[in-house]
Amino acid sequence: MMARNNEQPLVGIAMGSDSDLKIMQHVGIALEQFEVPFEERVVSAHRTPEKMMKYGHEAVQRGLHVIVAGAGGSAHLPGMLASETRLPVLGVAIESSPDPTNAALGSMIRMPKGAPLATMGKNEAAAYNAGLEAARILAISDPELAEKYDDFMRRQAAEVEEKDALLQEMGSAAYLSRDK
C-alpha cells in the first residue's frame, strides 16, 4: 500500500523516468498484497544526479529498509543508488523497445566487485518479483509479515496442485481448450 498520511514507507521504488512507471507499478502491486507501505519516486541518475544521490544517501535516515530501482537504457540508477546506501537495492531492467543487447540488464549484472546490486531481471515479472523479494527481506524481522508471506507461498502451491489435478482429470487437449 502506498504510504498514506503519516505512514512510514518501508520500501522505496525509484525510477529514472515516469515512463518506467508502467513496469515499476508491479513492484507496488506485489507489496500491496502484504500491506507493505512504499513510496514511488522519479530520480534520474542522468538528469537529476544530485537528487538521486541524496535519495540514496538519506534512505536509511528516512526509515526505508529496501530500495527497488528500475531503469532502462544504460541503467545507471540501480547501481548508483546502491553506491549511496547500505540498504539492499533490487534492480529491475526496463527494456521498453526490442534491444538485442539487453543493455539495461547487462549493465546491472556487471557491477564491479565491492558494489553489490541484486538484479531481478527485466520488465513486469522482474518488477513484481522485486516487490516479493522486498517483502521477504522485511519478513526477516517482522513475524506478522512473515506469516503473510508464508500464506502467499501456501496459496501458490495450492493453485499448482489444483491445476495439476485438473490436467490429470481432463487431459491436455481438453485442459487447453477449457474456458478460463
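Below, each value reflects all heavy atoms present in this structure, side chains not excepted, and no hydrogens, waters or symmetry copies. It should be emphasised that the depicted structure is a prediction, and the values quoted were computed from it without experimental measurement.
- In this structure, OH in Y55 is found 5.0 Å from CG in L64, a value given to the nearest 0.5 Å.
- In this structure, M24 and V92 have side chains that are in contact, with non-hydrogen atoms separated by less than 4.5 Å.
- No side-chain heavy atom of V66 sits less than 4.5 Å from a side-chain heavy atom of L10.
- At least one side-chain heavy atom of M52 sits less than 4.5 Å from a side-chain heavy atom of L77.
- Looking only at side-chain heavy atoms (C-beta outward), M15 and R41 stay at 4.5 Å or farther from each other.
- Residues meeting the side-chain contact (heavy atoms from CB on, under 4.5 Å) test with A115, sequence neighbours left out: M111, P112.
- Residues I29 and Q33 are not in side-chain contact: their nearest non-hydrogen atoms beyond the backbone lie 4.5 Å or more apart.
- When all heavy atoms are compared, the tightest approach of E7 to P37 is CD-CB, 3.8 Å.
- Listed by chain and number, the residues in a side-chain contact (heavy atoms from CB on, under 4.5 Å) with H46 are S44, S74, H76 (sequence neighbours excluded).
- For the atom pair CG of L117 and CE of M120, the computed distance is 10.5 Å after rounding to the nearest 0.5 Å.
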Using the side chain to side chain contact (heavy atoms under 4.5 Å, CB included) rule, take L105 and T119 through it: C-alpha gap first, then chi angles, then the decisive distance, then the call. CA-CA 8 Å; L105 185 58; T119 304; 3.7 Å; yes
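- R178 places no side-chain N or O within 3.5 Å of a backbone atom of A174 that could act as its donor or acceptor partner.
- In this structure, E147 contributes its side chain and E144 its backbone to no donor-acceptor pair below 3.5 Å.
- Proximity of a side-chain donor or acceptor of D18 to a complementary backbone N or O of V42 within less than 3.5 Å is not detected.
- Side-chain contact check for E32 versus F38: some heavy-atom pair is nearer than 4.5 Å.
- By the side-chain contact (heavy atoms from CB on, under 4.5 Å) test, E84 is found to be paired with M53, H57, residues two or more places apart in sequence or in another chain being considered.
- Both V27 and L21 are part of a single hydrophobic cluster, where members link through side-chain heavy atoms under 4.5 Å apart.
- Remark: R154 engages D151 in a salt bridge, criterion side-chain N to carboxylate O under 4.0 Å.
- Residues L90 and I67 are not in side-chain contact: their nearest non-hydrogen atoms beyond the backbone lie 4.5 Å or more apart.
- Side-chain atoms of R47 come within 3.5 Å of backbone atoms of G16 as a donor-acceptor pair (strictly under, hydrogens ignored).
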Verdict with supporting geometry, H65 and V11, side chain to side chain contact (heavy atoms under 4.5 Å, CB included): CA-CA 6 Å; H65 292 232; V11 177; over 6 Å; no
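- Judged purely by atom type and a 3.5 angstrom limit, S17 uses its side chain to pair as donor or acceptor with the backbone of S19.
- Of all heavy-atom pairs between A127 and H26, the closest is CB-CB, 3.9 Å.
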Start with the C-alpha distance between I13 and E39, add both sets of side-chain angles, then the distance that settles side chain to side chain contact (heavy atoms under 4.5 Å, CB included), and finish with yes or no. CA-CA 6 Å; I13 302 171; E39 64 182 20; over 6 Å; no
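- With values rounded to the nearest 0.5 angstrom, M80 atom CE is found 13.0 Å from T85 atom OG1.
- N123 CG to I23 CD1: the interatomic distance, rounded to the nearest 0.5 Å, is 4.5 Å.
- K22 places no side-chain N or O within donor-acceptor distance of the main-chain N or O of E124, the cut-off being under 3.5 Å.
- Hydrophobic clustering, with ILVMFWY side chains joined whenever heavy atoms are under 4.5 angstrom apart, keeps I94 apart from M108.
- In the hydrophobic clustering of ILVMFWY residues, with side-chain heavy atoms under 4.5 Å counting as a link, V89 and V43 come out together.
- Looking at D164 and Q168, their side chains do bring a donor and an acceptor atom within 3.5 Å of each other.
- The aromatic rings of F34 and F152 sit perpendicular to each other, their planes meeting at more than 60°, with 30° as the lower class boundary.
- Hydrophobic clustering (ILVMFWY, side-chain heavy atoms < 4.5 Å, transitive): Y149 and I137 are in one cluster.
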